[in-house]
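First the proteins, then the strands, lettered A, B, ... as listed; each starts at 1.
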Number of protein chains: 4
Amino acid sequence: MGIEERKEREKEQRRQQIINAAERVFAAKGFSGATIENIAEEAELSPATLYLYFKNKDELYASLNLKMLKVLVEKIEDVRNRKNLSPAKKIRALENALYDVYEHDPMNVINVLRFQSSEELKNLSPELANQIKDDARKYLRAIAGIFEDGVQIGSFLDRHPVAFADIVWGLFAGLVLWEHTKKGFDPRKDFLRPTLGFAIEIISRGIKKNGRLNIDN
Amino acid sequence: MGIEERKEREKEQRRQQIINAAERVFAAKGFSGATIENIAEEAELSPATLYLYFKNKDELYASLNLKMLKVLVEKIEDVRNRKNLSPAKKIRALENALYDVYEHDPMNVINVLRFQSSEELKNLSPELANQIKDDARKYLRAIAGIFEDGVQIGSFLDRHPVAFADIVWGLFAGLVLWEHTKKGFDPRKDFLRPTLGFAIEIISRGIKKNGRLNIDN
Amino acid sequence: MGIEERKEREKEQRRQQIINAAERVFAAKGFSGATIENIAEEAELSPATLYLYFKNKDELYASLNLKMLKVLVEKIEDVRNRKNLSPAKKIRALENALYDVYEHDPMNVINVLRFQSSEELKNLSPELANQIKDDARKYLRAIAGIFEDGVQIGSFLDRHPVAFADIVWGLFAGLVLWEHTKKGFDPRKDFLRPTLGFAIEIISRGIKKNGRLNIDN
Amino acid sequence: MGIEERKEREKEQRRQQIINAAERVFAAKGFSGATIENIAEEAELSPATLYLYFKNKDELYASLNLKMLKVLVEKIEDVRNRKNLSPAKKIRALENALYDVYEHDPMNVINVLRFQSSEELKNLSPELANQIKDDARKYLRAIAGIFEDGVQIGSFLDRHPVAFADIVWGLFAGLVLWEHTKKGFDPRKDFLRPTLGFAIEIISRGIKKNGRLNIDN
DNA sequence: GATGAATGAGTATTCATTCAT
DNA sequence: AATGAATGAATACTCATTCAT
């Protein structure tokens, strides 16, 4: 039994070894630019071995997605569950959660965002595609959940929480891609943090239903 | 001289013919999916001919970008120059300008956004890359300009107008990509319009420096 | 007009150049053993060029088939149309026709026979598959035609001519493959000619309806 | 000694288990279509295990040949040894023997015939190649033997019996492949039986040295 | 100016086979 | 004896790009 466990663990380690290599290579070269051979080399394995762990290039790529999405959902839900925070403070915490994920692996966030909005999802195995769809719904719901309380207690504008979630997520994705573009022009600067912070500040103010325009952070 | 002019005009027409074909094909198949042959076929020309007008596939693609960016900049500057509008109303008009561009050719907006934030810019000729950078700066400045007045007369939060512009542009880009992703899950629905509207509403409220939280649209 | 004709001719020549190379390579290595690169090399062209003239490996192979089948059908129909020959003599002439085709390019006859009876036909484009089916029916009918007269005038056994045709064709195919097997064991000897001759002699005798067992060759 | 014997027996059983699986898989997918993994799966063993019993894929395939050839030789020799049958009747019995083998496993007869006449024999180990050659000679001799008596007692045409054997075997092989081709065109029909019957009838008549053309079946 | 024809360079994927355990 | 895991080597096919005409 111990042996089986160890084997299982080793197998999982190999998967991670490949995923990590893939992360580095995809981040550096993008989806089309990265070749299976590149990734295999980075993982110090043969290309054929990769196919023992992933059905094809698409699924390997998608599994990176999945990994990031899972982390993201977890972080967002953590924020939501911090019972002692006011809705407004949770939004600030949400900002941090989003930024944390970005900071941890900026290139992959960028890749993942690009992948999600692409036609390339079509080649995935149904299971994997569904898992990604599910996780995408999950983080939408998680963000929406954060706004829900504020709406319910009447301190936020009276709109569907998913609309808030769409905006926050869209804002995050857009700023990440946009700042990345600008960084392409001048790679030394990274303004995402302050820009995201300002954006969330604006939103925090903008969604207040009543009261004066004094920010509460 | 008349002859040269005519030739010049004809040459420009051919360029447009190719760009239009490329727009349709890229929109339908994405960058990697579209082949030069596809585009040539759509343009009713031979593949070799395309290379008389564009140095390579990347530059052809980039020129679509440029075309859209020019339209965009123009529209935004139009908004800015409407002297009789209050800053707050200009922001609402900006929302319409952005949406107009999207509505006119959604797939290309999506492609262009994706292209801009990608590594693929690296293959461009320096001139073209610079032109794109310039135009990107231009529309950033244009958006910023709209906020500038509001900041100066003290009705908007006291931040650098480019920060506002980043946020608006990032929001637009993010929502386009994000809604497109969701449409991938359920292609019948297009929530971009109302979501974008709500987002601009929030921002309009959020950036007001003083005064009560009554929207001014 | 002359130019177009020349181009057409040149194009046809390229096709032949490829087909000839393919014939040599397939003959030497069989279908699975031969690679597109081998054939391209033999044709002194690049692999990519082959794909300008043939959709894929299967179709290239199939077109060799087609070429041989056409020659075969022609020869058999020639025999049938020799109005001054008695049915019995036509069968002898048929034997020669079959052997001629084999002698001209034994390896390809062998390959073609093997291909026809294989699953690999399934990958063909419908048009090509149909053309092959049609030609196969044609040579069956052609052989059958030779027997038909003898059956009608009552000098051959009273069976459906297609049955005779099946037997002659099966015999030919079987002996070709079988002798080839034996040659594999001892490549210097080629007994096909006498064995085929004896077989046709037996059949000629065996299908006579009445009369003594004196052969009529 | 008893233990060794048992081990030997078990080993032989494993071999059979693999051969049986291989038969099913090769029959269903052909030689190139079948993978070692397919066969291993069917045999409920791991691919690596197959290599304990067979040197490589070719040898495994060849051993199917061998199995079928052994059955065939046995059946033919049984026919030859039925002392109470006239030569002519033996030929009819030979027809049944051939058809029996085909009927028992048509796809494998087809595969084996194709294999035998191919270049693929070249990869075999010398021992196996020799065994196949030997068995091929054996069934040729066996068939020849059936004709030999008829030749000796002067009732058949005065030719070398191997020539008769070649013809019968070639006819069988050719009809099997040819009918299989036609079945490819219309998979519901199987004319092998009647066609083979008619062919043997013709041969029976055709090889009679003297006497009238009355069939003796 | 336009293009038909040719190709170099690239790449995902497969599979028979090996070998440490 | 059995096998899970690993891989070397192979190969059909694609496509952006070039260039003689």
Nucleotide N/O of nucleotides 18-21 of chain F paired with protein N/O under 3.5 Å:
none

Separation of atom CG in Asn38(B) from atom P in dC15(F), rounded to whole Å: 8 Å
Please identify each residue that fulfils salt bridge (Lys or Arg N to Asp or Glu O under 4.0 Å) with Asp105(B), with sequence neighbours left out. none
How many whole angstroms separate atom CD of Gln17(B) from atom C1' of dG1(E)? 13 Å
Donor-acceptor contact present, side-chain Ser63(D) to main-chain Leu66(D), <3.5 Å: no
With sequence neighbours left out, what residues match Arg14(B) under salt bridge (Lys or Arg N to Asp or Glu O under 4.0 Å)? none
Gap between atoms CZ and C1', on Arg15(A) and dA6(F) respectively (whole Å): 17 Å
Side-chain (Glu23(B)) to main-chain (Leu64(B)) donor-acceptor, under 3.5 angstrom: no
Among all residues two or more places apart in sequence or in another chain, which pass the ring-ring contact (aromatic ring centres under 6.0 Å, His included) test with Phe26(B)? Phe31(B), Tyr61(B)
When Gly33(C) and Glu44(A) are each assigned the nearest nucleotide of DNA chain F, the 5'-most assignment goes to Glu44(A)
Ile39(B) CD1 - dC15(F) P separation (whole Å): 12 Å
Starting at NZ of Lys57(D) and ending at C1' of dC15(E), how long is that distance when rounded to a whole Å? 8 Å
Bend angle of the helix from dA2(E)-dT21(F) to dT21(E)-dA2(F), from helix axes over five pairs at each end, nearest 10°: 20°
Expressed as a whole number of angstroms, how long is the span from Leu50(B):CG to dA2(E):C1'? 12 Å
5'-most by nearest nucleotide on DNA chain E - Leu45(B) or Ala34(D): Leu45(B)
Whichever of Thr35(A) and Ser46(B) has its nearest DNA chain E nucleotide further upstream toward 5': Ser46(B)
Which nucleotide sits closest to the side chain of Leu52(B): dG1(E), dT17(F), dT3(F)? dG1(E)
Is the shortest distance from a Lys or Arg side-chain nitrogen in Arg6(B) or Glu10(B) to a carboxylate oxygen in the other one below 4.0 Å? yes
Identify the two heavy atoms, one from Ala34(D) and one from Val25(D), that lie closest to each other, and give their separation to 0.1 Å. CB-CG1, 3.6 Å
Side-chain contact check for Tyr53(A): nearest option of dA6(E), dA5(F), dT17(F) is dA5(F)
Looking at dT7(E), dT17(F), dA5(F), which one has an atom nearest to any side-chain atom of Thr49(C)? dT7(E)
Euclidean distance, atom CD of residue Glu37(A) to atom P of dT7(F) [Å, nearest integer]: 13 Å
Applying salt bridge (Lys or Arg N to Asp or Glu O under 4.0 Å) to Lys57(D) and not counting sequence neighbours gives none
Can you check whether Phe54(D)'s main-chain N or O pairs, donor with acceptor, with Glu59(D)'s side chain at less than 3.5 Å? no
Spacing between Arg14(A) atom CZ and dT7(F) atom C1', to the nearest angstrom: 12 Å
